[in-house]
Amino acid sequence: MRVASIELRMLGLPLVRPFRTSFGTETEKVCVLVRVETAVGAVGWGEGVTGPDPGFSEEWNEGLWLVVRDFLAPPVFAAGDLAAEDLDRVLGGVRGHPMAKAALEMAILDADLRARGIPLHQYLGGVRSEVDCGVSVGIHDDVADLLQTVERHLVEGYRRIKLKIEPGHDVGPARAVRERFADILFQVDANAAYTVEKAQRLAELDELDLLLVEQPLPEEDLLGHAELARALRTPICLDESIVSARVAEQAIALGACSIVNVKAGRVGGYLEARRIHDLCVERGVPVWCGGMLETGIGRAANVALASLPGFTLPGDTSASARYYAEDITAPFVLEDGRLSVPTEPGIGVAPIPEHLERFTTRVEKLLLD
Ligand code: NPG
């Protein structure tokens, strides 16, 4: 296919409640949507997982916009006929910026698969029609409030609870959740908030029978994670550290993690995400699908990814209502703790035009000369 136009859109959607992590509190979802149109009129949608600031990783919305506009769009236009599988080569001159590359890849893959009538889950090799869903609970100052939030999500049917932690809000709140809800699948996520010294305290989590502790140390510290993994009984899962299949291979070989969180945005796209999945299956390492508060566009693709066989743990693929009173697509609805995998071609969903306009704050359209 030949890409004829790439449209960038900045969106701002109110979140139903603030989401607090060790790197900040979000009250609004602000992200970039990418729409591509091919020379024969096929349309595809992609979503950037960046936020308004470089808190989770180095990338952020304005940077993603500029990188797509100034560095990724020109080689894509110049490439002529191309498929998503060619993007590694076509974009090879741009170092880093996986989230920008992933947003563009998703749009190109969506357009291509729609034109060919193939749903994303089928293209990726999915094996399930619905996926088990967990929910991520932000940091709460008050333990009674936290327990109420967890209870609400359990009543909604979520099959696993993940609690955000940071130094000062870790073992205490996690213990309170475990004491109150003895049998639930439960894990914690530190978003790289610990130093090696401070992380020693995380050994106290061992008695809480957690599924995993996610990304305690900074992303580049694979050896630190390996050392910590030897000191803890709770399995270590890596998120921010795993930026490619090659790094996943190294992290596993070093013993830095025994579980991997797969986020397509973080690793440059769905094709690399599938390579990480395949590697982990080969190594016997369970994977699960992470989330970045995606709108229905990114959520659709995540749910397709989570249908692959190695995704044996519930993901952060929550229902749209967990985040949005109104989404830009039809909402994803939880049924018995699961979301259905879209069955239509491509990512299987598209924005509702009226919603899209309402939540758009800026548009820029790039055209093939
Ligand atoms: O359900 O989409 C979700 C949120 C899951 O906790 C979640 N995401 O560190 O994984 C994370 C965190 C996150 C949210 C990261 C927003 C970056 C931005």
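For clarity, every value in this text was computed on a predicted model and none was experimentally measured. Indexing begins at 1, ligand by ligand and atom by atom, following the structure's order.
Scanning for salt bridge (Lys or Arg N to Asp or Glu O under 4.0 Å) contacts around E214 gives K162, with sequence neighbours left out.
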Tabulate below the donor-acceptor pairs under 3.5 Å that side-chain atoms of residues 83-92 make, not counting sequence neighbours, or state none.
unit_1 : atom_1 : unit_2 : atom_2 : d
E85    : OE2    : Y123   : OH     : 2.4
D86    : OD2    : A83    : N      : 2.8
D88    : OD2    : R275   : NH2    : 3.4

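Near ligand 1, F19, F23, F56, S136, K162, K164, D189, N191, D239, K263, G291, M292, L293, D316, Y323 each place a heavy atom less than 4.0 angstrom from the ligand.
Evaluation of the salt bridge (Lys or Arg N to Asp or Glu O under 4.0 Å) test over residues 66-77, restricted to residues two or more places apart or in two chains, returns R69-E364.
Salt bridge status for R20 with E166: present, with a side-chain N to carboxylate O gap under 4.0 Å. Using a cutoff of 4.0 Å between basic side-chain nitrogens and carboxylate oxygens, R283 and E249 are scored as salt-bridged.
Without hydrogens or angle criteria, D316 side chain to V135 main chain gives no donor-acceptor distance under 3.5 Å.
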